[in-house]
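Here's the structure we're looking at; comments come further down.
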Protein chains: 2
Amino acid sequence: MLYDVLRHVRPLVLNSARVVETSLRFDDLTVGMRAVLEVLAEQGPLTVPVIGDRLDLARQGIQRHVNDLIDRGLAESRPNPAHRRSVLISTTPAGAALFARIRAGELARLGTMAAECGIEEITTALRVLAALHRDIREEAGRS
Amino acid sequence: MLYDVLRHVRPLVLNSARVVETSLRFDDLTVGMRAVLEVLAEQGPLTVPVIGDRLDLARQGIQRHVNDLIDRGLAESRPNPAHRRSVLISTTPAGAALFARIRAGELARLGTMAAECGIEEITTALRVLAALHRDIREEAGRS
DNA sequence: TCAGTCATGACAACAATGATGTCATGCCGA
DNA sequence: TCGGCATGACATCATTGTTGTCATGACTGA
């Protein structure tokens, strides 16, 4: 049963990435940059390794996305009072505004989907996914 | 709410791919080859374009995985009675046996996960994911 | 204080994979 | 029969996750 859940999520991620990507292309963004922008917009200034933890990705790849965002003026680095080398990354006003617009568009599209599912069903799905994610994440960490 | 579902599935896919990949590395397989092998093992002989439809991927990429599988003796092509050029791809006995072993291992690992979720909750999650997948797939197809 | 260890940024190389384009050829419907 | 389409085969490219390296700052324990 969980096996069928996992079988569904891969094409789901693929297709949602495609949908998101076509919208993003207009703004010259990639899905990776969008993911980093989301974390920055929601969780305030963070260091690159911390962003990697949030997204379950290595810091090296995050660094690329952050550099790309800075090049586009969507993110900026500020001094980290707790660490001289490890700077804090945050969105610029332009980056925050862009991500707000992107998310609004995505929410509008999502609003029409899975219409037959009630809020309690979606909540249940979210809980199952969170539990599965937690345990698979732990299993992945063992390697 | 659906937004939070989508936010969970991406790292979930990433981490499950990592877990699966470490097991697969032992057999010199990639996740792409494993995905094709799964479709072949479950849905009998199929043409390359049909496999692509099942996985929501372009036939060109599938062709690479199929060629790799054939190189390893895990899949083979047989004449297609309905089409002279478009051959049918099927698993070899070795391929079927390998995938059965792989899946057994994966199921064993999955058995310990999301233990606090009941069968009806997982069923609900599956239904929500299927509905979301269906609508996002349609949205992706429009581009 | 000092030495060893770790975290971090910066940079590089690589592999997997999905996207895209092309071309020749077989298939199918008008 | 002819034109459009599907298919295999081949090629190229971009994204992205992985891995390794190195210098430097931070931290910990003796």
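To find a chain, count down the sequence lines: A is the first, B the second, and so on, and within it residues start at 1.
You'll find the side chain of B/Arg127 stays beyond 4.5 Å of the side chain of A/Glu116, heavy atoms only. Annotation: side chain of B/Thr124 is not in contact with side chain of A/Val128 (no heavy-atom distance under 4.5 Å).
Under 4.0 angstrom from either OP1 or OP2 of C/dA19 there lies at least one side-chain N or O belonging to A/Arg18. Taking side-chain N and O atoms only, A/Ser86 has a distance below 4.0 Å to OP1 or OP2 of C/dG9.
Spacing between atom CG of B/Asn67 and atom P of D/dT7 amounts to 16 Å, rounded to whole angstrom units. Here the P atom of nucleotide D/dG8 and the NE2 atom of B/His83 are 8 Å apart, to the nearest Å. As rounded to whole Å, 14 Å separates atom C1' of D/dT15 from atom CG of A/Leu29. Between the CG atom of A/Leu46 and the P atom of C/dT8 there is a distance of 12 Å, rounded to whole Å. The CD atom of B/Gln63 sits 9 Å away from the P atom of D/dC10 (whole-angstrom rounding). Rounded to an integer number of Å, the gap from A/Asp68 CG to D/dT16 C1' is 11 Å. As a whole-Å value, the separation of A/Arg59 CZ from D/dG17 C1' is 14 Å. Atom CD1 in A/Ile51 sits roughly 14 Å away from atom P in D/dG17 (whole-Å rounding).
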Study note, to complete from the structure: Given protein heavy atoms under 4.0 Å, the one-letter contact record of nucleotides 12-17 of chain C, with B base, S sugar-phosphate only and - none, is simply -B---B
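Between A/Val48 and B/Arg85, the one whose closest nucleotide on DNA chain C sits nearer the 5' end is A/Val48. Taking for each of B/Thr47 and B/Arg25 the nucleotide of DNA chain D with the nearest heavy atom, the 5'-most of the two is the partner of B/Thr47.
The side-chain contact (heavy atoms from CB on, under 4.5 Å) with B/Leu46 is formed by just one residue from the set B/Val39, B/Asn80, B/Ile89, B/Leu88; it is B/Val39.
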Practice item. For B/Val36 and B/Val66, run side chain to side chain contact (heavy atoms under 4.5 Å, CB included): C-alpha distance rounded to whole Å, both residues' side-chain angles, the deciding distance at 0.1 Å, then the answer. Key: CA-CA 7 Å; B/Val36 170; B/Val66 166; 4.0 Å; yes
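No side-chain N or O of B/Asn67 forms a donor-acceptor pair with one of B/Arg64 less than 3.5 Å apart.
To the nearest 0.5 Å, atoms CG (A/Leu126) and OH (B/Tyr3) are separated by 13.5 Å.
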